[in-house]
Amino acid sequence: QVQLVESGGAMVQAGGSLRLSCAASGRSIVTSAMGWFRQAPGKEREFVATINWRGGNTNYVDSVKGRFTISRDNAKNTVYLQMNSLKADDTAVYYCALRRGSSGSDSLSDYTYWGRGTQVTVSS
């Protein structure tokens, strides 16, 4: 049974930073691409960032490019999302997801396992 547990969400002021973590258990993530998604109130879940199995290839939604960084530590079975220069529009529940394939993807349907999410609230 694969479990993904997100942590690090909090309430911060605009311009602040947070680092989200996603710890996996029940399966090694070493051969899997990982992704971060978010869902704001009243909106659909959307892609934020993805990283391939080695960590050498990343992709981001345009709205977070230059502000967010996805990374992974396969030895710790953990993926991170460093979020800087946060804006009120970044307010959402952030979800971690694991893909069985090794290449990153921005499509929700490509991911098999999902965490329960962590709340990020940015006050302006």
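- The distance from the CG atom of D90 to the OG1 atom of T121 is 11.0 Å, given to the nearest 0.5 Å.
- No donor-acceptor pair closer than 3.5 Å links the side chain of Q82 to the backbone N or O of R19.
- Between L18 and G8, the shortest heavy-atom distance links the atoms CD2-O, 3.8 Å.
- Summarising the geometry of V93 relative to G117, their closest heavy-atom pair is CG1-CA, 3.8 Å, with the distance given to 0.1 Å.
- V122 and L81 end up in the same hydrophobic cluster when Ile, Leu, Val, Met, Phe, Trp and Tyr side chains are linked at under 4.5 Å.
- With hydrogens and angles ignored, the 3.5 Å screen pairs no side-chain donor or acceptor of R72 with any backbone N or O of G55.
- For the atom pair CH2 (W53) and OG (S32), the distance works out to 10.5 Å, reported to the nearest 0.5 Å.
- Rounded to the nearest 0.5 angstrom, R100 CZ and T31 OG1 are separated by 11.0 Å.
- Contact annotation: the side chain of Y113 never approaches that of I29 to less than 4.5 Å [non-hydrogen atoms, C-beta and beyond].
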Q | side-chain contact (heavy atoms from CB on, under 4.5 Å) between R27 and L98, worked out | A | CA-CA 10 Å; R27 175 192 171 110; L98 182 150; 3.9 Å; yes

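- The local environment of CD in Q39 is crowded, with over 12 non-hydrogen atoms from other residues, nucleotides or ligands closer than 6.0 Å.
- Between the side chain of T50 and the main chain of G104, no donor-acceptor pair closer than 3.5 Å is present.
- A distance of 5.5 Å separates CD in E6 from SG in C22, rounded to the nearest 0.5 Å.
- A side-chain N or O of S107 and one of S109 form a donor-acceptor pair less than 3.5 Å apart.
- Taking OG1 from T58 and CG from N52, the interatomic distance works out to 8.5 Å, rounded to the nearest 0.5 Å.
- Smallest separation of non-hydrogen atoms from G9 and T118: N-OG1, 3.1 Å.
- The aromatic rings of F68 and Y94 are tilted relative to each other, their planes meeting at an angle between 30° and 60°.
- Contact record, F37 with D106: CE2-O, 4.1 Å, taken as the closest heavy-atom pair.
- In this structure, R45 is positioned above the aromatic face of Y95, its NZ or CZ under 6.0 Å from the six-membered ring centre and within 45° of the axis.
- Ion pairing of R38 with E46 is present here, as a side-chain N (NZ or NE/NH1/NH2) and a carboxylate O approach within less than 4.0 Å.
- Remark: the backbone N or O of N77 is not paired with any side-chain donor or acceptor of N74 at under 3.5 angstrom.
- Within the model, atoms OG of S25 and CD of Q1 stand 9.0 Å from one another, a figure rounded to the nearest 0.5 Å.
- A donor-acceptor contact shorter than 3.5 Å is absent between the side chain of Y111 and the backbone of A33.
- Side-chain contact between L20 and V120: present, with at least one pair of heavy atoms (C-beta onward) separated by less than 4.5 Å.
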message: Evaluate W36 against C96 for side-chain contact (heavy atoms from CB on, under 4.5 Å), listing each step before the verdict.
response: CA-CA 5 Å; W36 283 97; C96 170; 4.0 Å; yes

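- Y80 and V64 fall into different hydrophobic clusters, where Ile, Leu, Val, Met, Phe, Trp and Tyr residues are linked whenever their side-chain heavy atoms come under 4.5 Å apart, directly or through other members.
- Heavy-atom minimum distance, I70 versus M34: CD1-O, 4.1 Å.
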Exercise for review: Check the pair S17, N84 against side-chain contact (heavy atoms from CB on, under 4.5 Å), reporting the backbone distance first and the verdict last.
Suggested key: CA-CA 4 Å; S17 298; N84 299 327; 3.0 Å; yes

